[in-house]
**Student:** 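First, the structure itself, so that you have it in front of you.
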Amino acid sequence: MASSNALINQLNLNLPSPEEPIFPDWKSAEDYALWVKRDDLIHTTISGNKWRKLSHALEEIINAGVKDVVSFGGGYSNHLHALGYCCQQLSLSLTAIVRGDYSASPTPMLKDLAQWGAMIQFVTKQEYKKRSDTEYLAQLKRLHPDAMIVPEGGSQASAMPGLKCLIEELHQNYDYILCPVASGGTMAGLISATGEAKLDTKVLGIAVLKGQGYLEDLVNQLLPQNQQHGNWQIHHDFRFGGYGKSTQELLIFCKNFGKEHLPIEPVYSGKLFWGAKQLIEQQYFPKGSKILLLHTGGLQGDRQV
Ligand SMILES: *Cc1c(COP(=O)(O)O)cnc(C)c1O
């Protein structure tokens with residue numbers, strides 16, 4: 001698509017992202033072909049899967065001549081960070097509805113948003129819970145009549161085509177593709193795209209928060225009708241207690257993996273790679289499987305200042 005290429009050039013994105021083999025010293029790793037799709041390298045700010053999920057929506061916004069965007073996220077949100085940067089670059093105005101009051105001590109992410117000219121609105125956790133309610137959204141629409149409202153994480157139907165682009169970039173077929181799961185859009189996009197391309201690939205999600213059943217519902221709701229029975233599964237054993245939670249063991253794992261291979265952080269990619277290591281050591285996959293780990297980016301969330 002021509003307009004998509006124009007946007008990629010304008011934002012200076014490194015696409016297609018690299019697809020690299022890794023050779024970790026995990027038990028049984030030599031029984032598999034392990035690859036990483038380096039979406040963390042797409043851009044330093046427009047974090048991996050957030051570009052994939054926003055690309056089509058941004059095109060729609062630009063083509064429709066929309067100038068205002070409203071979206072949601074937590075104080076460290078990679079989604080708001082990516083969207084805030086895109087809005088600044090594309091001369092769009094962003095209203096960011098943020099869960100909790102950080103006005104006394106803004107996070108590095110929020111400082112960036114403010115610098116890029118976003119209007120930041122802190123809301124209570126109770127109000128934030130209403131972010132997908134029809135009535136709440138109607139009220140927001142009245143307050144911002146000309147705005148495009150983008151759901152949390154950018155996970156919406158228009159996120160699917162961006163993941164299709166990712167699948168089209170791949171140089172080879174995989175038996176498994178693994179990704180982290182939070183709001184489900186990335187996983188739904190991968191299931192939908194591999195299904196559409198008639199690939200014999202199983203998509204495995206690693207849950208990064210507590211949500212057995214809930215996360216499966218989120219993914220299902222985003223899948224097109226004809227992809228509802230796709231070949232996929234979410235693993236819930238590697239969430240380390242919940243969103244943003246970790247242990248000393250996970251932190252050390254991330255640090256060492258970063259030294260030996262590539263940078264990962266404990267909120268998303270750390271849990272993904274940890275989960276992959278456990279599944280490989282348990283010989284969960286048939287011997288000889290080709291496995292792709294999707295590095296979804298998100299390294300900004302790990303900054304201390
Ligand atoms: C947002 C995010 C995810 C979660 O993706 P969903 O589509 O919300 O499930 C994974 N990794 C990173 C780095 C993210 O920023």
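Quick note: numbers below take in every heavy atom, side chains included, and nothing from hydrogens, waters or symmetry partners. For the single chain, residues carry numbers from 1 onward in sequence order. First listed ligand is number 1; within each ligand, the first listed atom is number 1.
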**Student:** Do me a favour and list the nearest non-hydrogen protein atom to atom 10 (C) of ligand 1 with residue, atom name and distance?
**Tutor:** Y268 CD2, 3.2 Å

**Student:** Out of D40, N49, T296, whose heavy atom is nearest to atom 5 (O) of ligand 1?
**Tutor:** N49

**Student:** What do you reckon, does G184 have a nitrogen or oxygen under 3.5 Å from a nitrogen or oxygen of ligand 1?
**Tutor:** yes

**Student:** Should the pair H43 and Y85 be assigned to parallel (<30°), tilted (30 to 60°) or perpendicular (>60°) ring geometry?
**Tutor:** tilted

**Student:** Could you tell me, atom by atom, which parts of ligand 1 come under 4.0 Å of a heavy atom of T186?
**Tutor:** 5 (O), 6 (P), 7 (O)

**Student:** Does the plane of the ring in F285 sit parallel, tilted or perpendicular to the ring in Y32? Use 30° and 60° as the thresholds.
**Tutor:** perpendicular

**Student:** Of the choices K271, K53, K50, which has the non-hydrogen atom that lies closest to atom 15 (O) of ligand 1?
**Tutor:** K50

**Student:** Only heavy atoms of G297, strictly under 4.0 Å: list the atoms of ligand 1 that pass.
**Tutor:** 13 (C)

**Student:** Is the centre of the H236 ring less than 6.0 Å from the centre of the Y214 ring?
**Tutor:** no

**Student:** Check for me whether the distance between the ring centres of W35 and H171 falls short of 6.0 Å.
**Tutor:** no

**Student:** When you compare ligand 1 with N78, is there at least one nitrogen or oxygen pair between them that comes in under 3.5 angstrom?
**Tutor:** yes

**Student:** What pairs of residues pass the ring-ring contact (aromatic ring centres under 6.0 Å, His included) test when at least one of them lies in residues 117-166, not counting sequence neighbours?
**Tutor:** none

**Student:** Hey, which atoms in ligand 1 end up nearer than 4.0 Å to a heavy atom of V181?
**Tutor:** 9 (O)

**Student:** Find all atoms of ligand 1 within a distance of less than 4.0 Å from any non-hydrogen atom belonging to P180, and give their numbers and elements.
**Tutor:** 10 (C), 11 (N)

**Student:** Ring centroid separation for H79 and F72, is it under 6.0 angstrom?
**Tutor:** no

**Student:** To the nearest 0.1 Å, how far is atom 8 (O) of ligand 1 from its closest protein heavy atom, and which atom is that?
**Tutor:** S183 OG, 2.5 Å

**Student:** Counting only pairs under 3.5 Å, give me each side-chain donor-acceptor contact of residues 273-281, with atom names and distances, residues two or more places apart or in other chains.
**Tutor:**
unit_1	atom_1	unit_2	atom_2	d
K277	NZ	E281	OE2	3.4
E281	OE2	K27	N	3.4

**Student:** Under 4.0 Å from a heavy atom of G298: which atoms of ligand 1 are those, numbered in the order shown and with their elements?
**Tutor:** 13 (C)

**Student:** Is K50 positioned over the aromatic face of Y268, cation under 6.0 angstrom from the ring centre and no more than 45 degrees off axis?
**Tutor:** yes

**Student:** Any N/O of G185 closer than 3.5 Å to an N/O of ligand 1?
**Tutor:** yes

